[in-house]
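FYI, side chains are in, hydrogens and waters are out, and symmetry mates aren't considered; it's all heavy atoms of this structure. Heads up: numbering here begins at 1 and tracks the sequence. Start at 1 and go down the list; that is how both ligands and their atoms are numbered.
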Amino acid sequence: MTDCIFCKIVNGEIKTTLIYEDDKVLAFNDIDPQAPVHILVIPKEHISSINNINENNHEIVGYIYSIISKLAKEKGIADKGYRIVSNCGQEGGQTVDHLHFHLLGGRNLQWPPG
Ligand code: 5GP
Ligand code: ZN
């Protein structure tokens, strides 16, 4: 998608601090961190949101969670705890229409969210 910020990060048009990359996914630091650890994990394929996950592409979600599990250990937050957030749509607070998972940790996270 030509006008998608995260597709531009995938193809190198926008620079970011890469945490992890393979043929299917990318992980990078959020530009506006809300916690000491705030990493975005995205599929390289453009999927707009959770609303566009279906029987043909759902395997990427489990794969992304396996990468999240690995990154949480690497960042030293696996045992203390962390939160995964995937905002969907306007009322869900989604601002970038490319599926992404926030990995938030390194502080006490409040509940319920705002
Ligand atoms: P959403 O609000 O859609 O759940 O999350 C989008 C996230 O992307 C926000 O936390 C925002 O700070 C982050 N973000 C937006 N543009 C960029 C960018 O160009 N680079 C990086 N690294 N993060 C971005
Ligand atoms: Zn995209």
(message) Closer than 4.0 Å to some heavy atom of G93 - which atoms of ligand 1 meet that?
(response) 1 (P), 2 (O), 4 (O)
(request) Give the residue and atom name of whichever protein heavy atom lies nearest to atom 19 (O) of ligand 1, and the separation in Å to one decimal. (result) I5 CG2, 3.7 Å
(message) Can you give me the closest heavy-atom contact between S69 and Y82, atom names plus distance?
(response) CA-OH, 4.4 Å
(message) One pair to check against side chain to side chain contact (heavy atoms under 4.5 Å, CB included): Y20 and E74. What are the steps and the verdict?
(response) CA-CA 11 Å; Y20 176 86; E74 282 177 14; over 6 Å; no
(request) State the atoms of ligand 1, each with its element, that fall below the 4.0 Å cut-off from a heavy-atom position in D32. (result) 12 (O)
(request) Report the angle formed at the Zn ion (ligand 2) by atom SG of C7 and atom ND1 of H46, rounding to the nearest 10°. (result) 110°
(message) Does atom CD (Q90) have a neighbourhood of more than 12 heavy atoms from anything else shown, all under 6.0 Å?
(response) no
(request) Restricting to N/O/S, name the atom of H98 that gets closest to the Zn ion (ligand 2). (result) ND1
(request) Heavy-atom contacts with H102 under 4.0 Å: which atoms of ligand 1 show up? List them by number with element. (result) 1 (P), 4 (O), 5 (O), 7 (C), 10 (O)
(request) Among all protein heavy atoms, pick out the one at the shortest distance from atom 15 (C) of ligand 1; state its residue, atom name and that distance to 0.1 Å. (result) V96 CG2, 4.1 Å
(message) List ligand 1 atoms under 4.0 Å from Q94, heavy atoms only on the residue side.
(response) 3 (O)
(message) For a quick test of reading the model, state the closest non-hydrogen atom pair linking S48 to Q94 and the distance between them.
(response) O-NE2, 3.0 Å
(request) Note the single closest protein heavy atom to atom 2 (O) of ligand 1, along with its residue, its atom name and the distance in Å. (result) T95 OG1, 2.7 Å
(request) Show your reasoning for whether side chain to side chain contact (heavy atoms under 4.5 Å, CB included) applies to I39 and N29. (result) CA-CA 4 Å; I39 296 170; N29 281 329; 3.8 Å; yes
(message) Which residue and atom name correspond to the protein heavy atom nearest atom 5 (O) of ligand 1, and how close is it?
(response) H100 NE2, 2.9 Å
(request) Could you list which atoms of ligand 1 come closer than 4.0 Å to a heavy atom of T16? (result) 22 (N)
(message) With no hydrogens and no angle check, just 3.5 Å: does a side-chain donor-acceptor pair link S66 and K70?
(response) no
(request) For ligand 1, note which part of F101 has a heavy atom under 4.0 Å away: side chain, backbone, both or neither. (result) neither
(request) Identify the two heavy atoms, one from V41 and one from A27, that lie closest to each other, and give their separation to 0.1 Å. (result) CG2-CB, 4.1 Å
(message) For K80, I'd like to know if atom NZ has over 12 heavy atoms of other residues, nucleotides or ligands within 6.0 Å.
(response) no
(request) Have a look at I31, V85, D30 and point out the one with the heavy atom closest to atom 17 (C) of ligand 1. (result) I31
(message) Nearest 0.5 Å, please: how far is CD1 in I50 from OG in S86?
(response) 3.5 Å
(request) Within a distance under 4.0 Å of any heavy atom of I9, pick out the atoms of ligand 1 and give their elements. (result) 20 (N)
(message) For atom 22 (N) of ligand 1, what is the closest protein heavy atom, and at what distance to 0.1 Å?
(response) N29 O, 2.9 Å
(message) Classify the ring geometry of F28 against F6: parallel below 30°, tilted from 30° to 60°, perpendicular beyond 60°.
(response) perpendicular
